[in-house]
Amino acid sequence: LREYSNEPVDIGRVMLMCLIHDIVEIDAGDTYAYDAGGLKTQKAREDAAKERIFSLLPEDQKQELVRIFDEFQTPEAKFARAMDNLQPLLLNDSNDGGDWKEHEVNAEKVYGRQRKTKRGSEKLFEVTDQILKENIAKGNLPE
């Protein structure tokens, strides 16, 4: 989906960002996107996991992965966030909003998270918006 990035990106770096974020989330415990309580402790848990995991590496490798993990404003970071937002949206779309229903998530909360996709890809946000509107119309996502 690289061609849908707002800016040119090094897709290998995007993939590396996604992978190292997932490794840290596995150790820290993945936080459901709409879990207000879990989100309060997410950064501290992820920082501890990042330190624990990356400290197993030689210092130069550790520092490089920490820099990549902590990157926020580069085109690659913005596009990686867009990809990270897209995946659970597609899962909810494929299971008729199952997770949204189970966790009583409404459209406002989902849009609040998905609007950040625009920073990395206007085109993917258009697709996201269409998917959300379809799920609202089907009753899978209450307004």
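- Rounding to the nearest 0.5 angstrom, the gap separating the CZ atom in Phe54 from the CG atom in Leu65 is 5.0 Å.
- Applying the ring-ring contact (aromatic ring centres under 6.0 Å, His included) rule to Phe125 yields no partners; only residues at least two apart in sequence or on another chain are considered.
- Taking Asp70 as the reference, Lys50 meet the side-chain hydrogen bond (donor to acceptor under 3.5 Å, both in side chains) condition, with sequence neighbours excluded.
- The closest side-chain donor-acceptor pair between Glu126 and Gln130, if any, does not fall under 3.5 angstrom.
- Every residue was checked against the side-chain hydrogen bond (donor to acceptor under 3.5 Å, both in side chains) condition with Glu3, not counting sequence neighbours, and none meets it.
- Judged by distance alone, the side chain of Gln114 and the main-chain N or O of Thr128 form no donor-acceptor pair under 3.5 Å.
- Following chains of ILVMFWY side-chain contacts shorter than 4.5 Å, one can reach Leu90 starting from Leu132, so the two form part of one hydrophobic cluster.
- Listed by first and then second residue, the side chain to side chain donor-acceptor pair (under 3.5 Å) pairs that reach into residues 4-16 are Arg13-Glu71, sequence neighbours excluded.
- Shown here is Lys138, whose NZ atom has more than 12 heavy atoms of other residues, nucleotides or ligands within 6.0 Å.
- Between the side chains of Asp129 and Tyr111, a donor-acceptor pair is found at a separation under 3.5 Å.
- Between atom CG of residue Asn135 and atom NZ of residue Lys133 there is a gap of 13.0 Å, rounded to the nearest 0.5 Å.
- Interatomic distance, Asn85 CG to Arg115 CZ, rounded to the nearest 0.5 Å: 12.5 Å.
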Does Ile131 form a side chain to side chain contact (heavy atoms under 4.5 Å, CB included) with Leu89? I'd like the steps, not just the answer. CA-CA 8 Å; Ile131 290 170; Leu89 176 85; 4.0 Å; yes
List, one per line, each side-chain donor-acceptor pair under 3.5 Å for residues 102-110, sequence neighbours excluded.
{"residue": "Asn106", "atom": "OD1", "partner": "Glu108", "partner atom": "N", "Å": "3.2"}
{"residue": "Asn106", "atom": "OD1", "partner": "Lys109", "partner atom": "N", "Å": "2.9"}

Would you tabulate the side-chain donor-acceptor contacts of residues 14-27 under 3.5 Å, counting partners in other chains and residues two or more places apart, or write 'none'?
{"residue": "His21", "atom": "NE2", "partner": "Phe69", "partner atom": "O", "Å": "3.1"}
{"residue": "Asp27", "atom": "OD2", "partner": "Arg52", "partner atom": "NE", "Å": "3.0"}
{"residue": "Asp27", "atom": "OD2", "partner": "Arg52", "partner atom": "NH2", "Å": "2.5"}

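- Side-chain atoms of Arg119 do not come within 3.5 Å of backbone N or O of Ala77 as any donor-acceptor pair.
- No donor-acceptor distance shorter than 3.5 angstrom exists from the side chain of Arg81 to the backbone of Lys116, with no hydrogens or angles considered.
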For Asn140 and Lys101, run side chain to side chain donor-acceptor pair (under 3.5 Å): C-alpha distance rounded to whole Å, both residues' side-chain angles, the deciding distance at 0.1 Å, then the answer. CA-CA 7 Å; Asn140 295 337; Lys101 292 173 184 175; 3.3 Å; yes
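- The distance from atom CG of Leu86 to atom CZ of Phe79, rounded to the nearest 0.5 Å, is 9.0 Å.
- Met83 and Ile68 are members of different hydrophobic clusters when ILVMFWY side chains are connected at heavy-atom separations under 4.5 Å.
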Quick one: do Tyr34 and Leu39 satisfy side chain to side chain contact (heavy atoms under 4.5 Å, CB included)? Show the steps, please. CA-CA 8 Å; Tyr34 308 104; Leu39 291 171; over 6 Å; no
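- Formation of a donor-acceptor pair under 3.5 Å by the Asp35 side chain with backbone atoms of Thr31 is not found in this model.
- Ionic pairing of Glu64 and Arg67 is present here: one or more N-O contacts between side-chain nitrogen and carboxylate oxygen are shorter than 4.0 angstrom.
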